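Below is one structure, written out as structure tokens; comments come after it.
Residue numbers run from 1 in the order of the sequence given. Predicted model only: the values in this text are computed from it and were never measured.
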Amino acid sequence: MNQAETPAIRIAGMTVRYGRRVAVDAASLEVPRGSVYALLGRNGAGKSSLVRCALGQQRASSGNAQILGEDSWKHRTHLMERVGVVAEEADAPPEMRVEQLAAFCARLYSRWDQKAFDTRASRFGISTRARFGELSKGQKKQVSLALALAAAPDLIVLDDPTLGLDVVARKSLFEEVIAELADRGTTIFLTTHDLAGVESIADRVAIMDGGRIALDEELEALKARFRRIRFSAQPLALEAASFRTTLVKRWGTGTEAVVSNYDDLAFERLRSSATIQSADVSAMTLEEIFIAVAGEGAHS
């Protein structure tokens with residue numbers, strides 16, 4: 001496998017335990033180079049533990065992780081020069097000025113681009129003379145992103161980057177990610193709860209549920225196979241049509257079912273059956289699919 005074909009991140013059989021609690025359970029995934037890969041999951045699903053192990057910040061109980069073809073635990077020191085990280089909680093000494101943070105990072109990264117950092121800080125409306133502790137939560141995230149991108153990394157890891165940000169700050173952050181992709185083709189790996197925002201930029205998504213990878217596929221393929229079907233009465237023919245129901249709800253005398261293997265022809269046969277005269281189908285957003293897979297009452 002040549003370098004272009006080597007995944008930006010490869011996780012194989014990763015398990016992370018904290019005492020008797022299993023946070024990550026035999027998880028495996030691959031992040032293609034040049035892609036935007038979103039890892040989704042409810043709080044406590046194991047996302048942060050997986051990310052820390054992927055970055056070599058923590059050693060997995062079993063399994064392994066590679067970044068850009070190298071073991072991230074064994075080679076984490078030199079790999080970090082090629083990886084930009086925006087943590088869930090932006091953190092830096094509160095008394096340091098933004099320009100001092102940039103000067104510190106410039107000494108760590110051989111590909112540091114000061115002009116790119118200054119341009120982004122200006123676009124965000126952040127004075128480089130400001131002290132980090134004086135910035136709002138959104139501004140701290142923006143500074144973290146500007147620092148990460150100025151290092152010209154091959155891979156950007158964003159751990160819930162929009163958490164706690166208002167709608168304007170979230171839009172600004174995602175626009176910077178999109179711009180970076182257009183300029184450099186940088187690989188983006190992110191965890192997020194902002195499903196509406198990530199839906200517009202992600203190429204591939206994985207959903208973690210109870211420490212396991214419940215699904216992992218290209219976003220468009222995922223959206224193509226999930227549909228919501230509403231029946232005016234109890235649907236007796238779902239199983240006969242070979243549909244896999246992920247979530248079923250009752251409403252009045254009718255029923256709503258989410259199917260994860262939707263097919264137009266199978267649905268038309270179902271709708272034209274003598275027992276089901278009224279059935280409507282609708283596409284689903286990524287957020288709706290996530291709720292069906294990992295929400296309360298979901299089942300496979």
If you group Ile, Leu, Val, Met, Phe, Trp and Tyr by side-chain heavy-atom gaps below 4.5 Å, do W112 and L108 land in one group?
yes
Flag, side chain of Q139 to backbone of S136, donor-acceptor distance under 3.5 Å:
yes
So NZ of K47 and CD of E88: to nearest 0.5 Å the spacing works out to 8.0 Å
For S172 against Q142, the heavy-atom pair lying closest together
OG-NE2, 3.7 Å
Would you check if the side chain of R97 reaches a backbone N or O of T128 as a donor-acceptor pair within less than 3.5 Å?
no
Counting only heavy atoms from other residues, nucleotides and ligands, does the tally under 6.0 Å from CD of Q114 exceed 12?
yes
Any salt bridge (charged side-chain N to carboxylate O under 4.0 Å, His left out) involving residues 13-30? Give me the pairs, sequence neighbours left out, ordered by first then second residue.
R10-E30, D25-R212
Mind checking whether L40 and L163 sit in one hydrophobic cluster, side chains of I, L, V, M, F, W, Y counted as touching below 4.5 Å?
no
Partners meeting salt bridge (charged side-chain N to carboxylate O under 4.0 Å, His left out) with D194 (sequence neighbours left out)
R170
Any chain of hydrophobic side-chain contacts (each under 4.5 Å) joining M80 to I11?
yes
Is it the case that atom CZ in R123 sees more than 12 heavy atoms from other parts of the structure closer than 6.0 Å?
yes
Spell out, as yes or no, whether a donor-acceptor pair under 3.5 Å connects the side chain of S35 to the backbone of P32.
yes
Would you please name every residue forming a side chain to side chain contact (heavy atoms under 4.5 Å, CB included) with L155, sequence neighbours left out?
A8, I9, I67, V83, V157, T187, F189
What's the spacing between N261 CG and R244 CZ if we round to 0.5 Å?
4.0 Å
Flag the pair E217 and R225 as a salt bridge only when some basic side-chain nitrogen lies within less than 4.0 angstrom of an acidic carboxylate oxygen.
yes
Show your reasoning for whether side chain to side chain donor-acceptor pair (under 3.5 Å) applies to D160 and T191.
CA-CA 5 Å; D160 221 346; T191 72; 5.2 Å; no
Does some side-chain heavy atom of V86 sit less than 4.5 Å from a side-chain heavy atom of D159?
no
Hydrophobic cluster partners of V168 (side-chain heavy atoms under 4.5 Å):
V167
Count I, L, V, M, F, W, Y as connected when their side-chain heavy atoms are under 4.5 Å apart, and connections chain through other members. Are M96 and F124 then in the same cluster?
yes
Could you check whether atom CD of E287 has more than 12 heavy atoms from other residues, nucleotides or ligands sitting under 6.0 Å from it?
no
R129: partners by salt bridge (charged side-chain N to carboxylate O under 4.0 Å, His left out), with sequence neighbours left out:
E99
Evaluate the side-chain proximity of L165 to K141: yes if any heavy-atom separation is below 4.5 Å, no if none is.
yes
Tell me whether T15 contacts the main-chain N or O of S62 through its side chain, where contact means a donor paired with an acceptor under 3.5 Å.
no
Over all heavy atoms of both residues, which pair between V293 and D209 is shortest? Give the atoms and the distance, please.
O-OD2, 3.9 Å
For residues 196-208, which residue pairs pass the salt bridge (charged side-chain N to carboxylate O under 4.0 Å, His left out) check, not counting sequence neighbours?
E199-K223, R204-D216
Less than 4.0 angstrom from a charged side-chain N to a carboxylate O is my criterion; do D280 and R227 meet it?
no
Return yes if some donor-acceptor pair links the side-chain N/O of S200 with the main-chain N/O of G197 below 3.5 Å, else return no.
yes
Side chains of S110 and E81 only: does a donor on one sit below 3.5 Å from an acceptor on the other?
yes
